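Notes follow the structure.
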Amino acid sequence: MRTNKMLALNHIYAIDENEMIDDFKKLLMDTLKNKPSNKALMLFDFSANVRSTLGVSMNDHLDELSEAATLLQDEKYIRFEDGRQGGRFVRGLHFDDYFDKKIEQSVVNFSVGSVSGGNVQIGNNNSLVIEQGLKSLIDKIDSKDIPEPEKEVAKNSLKSLLSNPTVAAILGERHQEYYHYFKLKGLTK
């Protein structure tokens, strides 16, 4: 009885080829990310990883694996090198871009009870709140009645924040606009 249920589950899972392709892409990239950058992922080792992580035999899903690898290779995230021992995956020229892209595409869900204040915008991929907040902060630092060295310390803290690769990835395309604005305000040189 239990074997029949397992076969039915495997059959349902195998029907959704797109989901399997996505699973292979994620597993390939995550497995390569966890290896030293100068080490290859042997196809044989990946097969064992597929079995333990996805619970399926890689040999039963070679078409989906081939499609996943082709999609990743077309974007230059990985390279597949055919060899006598069955082949291997290595990091491609744009390997790190895959993970940066994932950060940009991530969605944050939150609940809003009540909102008050100016310049509020709610939704995915919006930057008004960040832009207005940062510009307002710079203007307030400039207008604050404090010694210039303290203003410089505050501005340098913001400069450090904007220089952080994670912050730059989150701000995305707008990062250059902020950087230009802050340059005009004396935050950057």
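Owing to the predicted nature of the structure, the values given are computational and were not obtained by experimental measurement.
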In Å, rounded to the nearest 0.5 Å, how long is the span from [atom1] of [X] to [atom2] of [Y]?
{"X": "E17", "Y": "D23", "atom1": "CD", "atom2": "CG", "result": "13.0 Å"}
{"X": "E152", "Y": "S157", "atom1": "CD", "atom2": "OG", "result": "11.0 Å"}
{"X": "D22", "Y": "E67", "atom1": "CG", "atom2": "CD", "result": "10.5 Å"}
{"X": "L65", "Y": "K25", "atom1": "CG", "atom2": "NZ", "result": "12.5 Å"}
{"X": "R88", "Y": "D82", "atom1": "CZ", "atom2": "CG", "result": "11.0 Å"}
{"X": "L32", "Y": "R79", "atom1": "CG", "atom2": "CZ", "result": "11.0 Å"}

In sequence, state the C-alpha distance, the side-chain angles, and the governing distance for M29 and F95, and then conclude on side-chain contact (heavy atoms from CB on, under 4.5 Å).
CA-CA 8 Å; M29 294 302 291; F95 179 81; 3.5 Å; yes
State which residues pass side chain to side chain contact (heavy atoms under 4.5 Å, CB included) with [X]; sequence neighbours excluded, sorted by chain then number.
{"X": "D30", "value": "K26, F99"}
{"X": "K151", "value": "I141, I146, E148"}
{"X": "N59", "value": "S57, L62"}

Connected-component partners of I21 among ILVMFWY, side-chain separation under 4.5 Å:
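Grouped by the 4.5 Å side-chain rule, L71 form the rest of the cluster around I21.
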What heavy-atom pair brings A69 and F89 nearest, and what distance separates the two atoms?
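Of all heavy-atom pairs spanning A69 and F89, the closest is CB-CE2, 3.9 Å.
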Check whether any side-chain heavy atom of S66 lies under 4.5 Å from a side-chain heavy atom of T70, and answer yes or no.
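The answer is yes; the side chains approach within 4.5 Å.
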Identify, with sequence neighbours excluded, every residue that meets ring-ring contact (aromatic ring centres under 6.0 Å, His included) alongside Y77.
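ring-ring contact (aromatic ring centres under 6.0 Å, His included) list for Y77, sorted by chain: Y98.
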Throw together a table of side-chain donor-acceptor distances under 3.5 angstrom for residues 35-51, partners on residues two or more places apart or in other chains.
residue : atom : partner : partner atom : Å
N49     : OD1  : T53     : OG1          : 2.9
N49     : ND2  : T31     : OG1          : 2.8

Salt bridge (Lys or Arg N to Asp or Glu O under 4.0 Å) partners for R91, two or more places apart
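Once residues adjacent in sequence are excluded, R91 has no partner under the salt bridge (Lys or Arg N to Asp or Glu O under 4.0 Å) criterion.
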Kindly determine whether V56 and M20 satisfy side-chain contact (heavy atoms from CB on, under 4.5 Å), including the steps that lead there.
CA-CA 10 Å; V56 296; M20 183 62 76; 4.1 Å; yes
According to a 4.5 Å side-chain heavy-atom criterion applied to Ile, Leu, Val, Met, Phe, Trp and Tyr, with indirect links allowed, do V90 and F24 form part of one hydrophobic cluster?
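As far as the 4.5 Å side-chain criterion goes, F24 and V90 are not connected within one cluster.
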Would you say the side-chain atoms of E64 pair up with the backbone N or O of N18, donor to acceptor, closer than 3.5 Å?
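No; judged by distance alone, with no hydrogens or angles, the pair does not exist.
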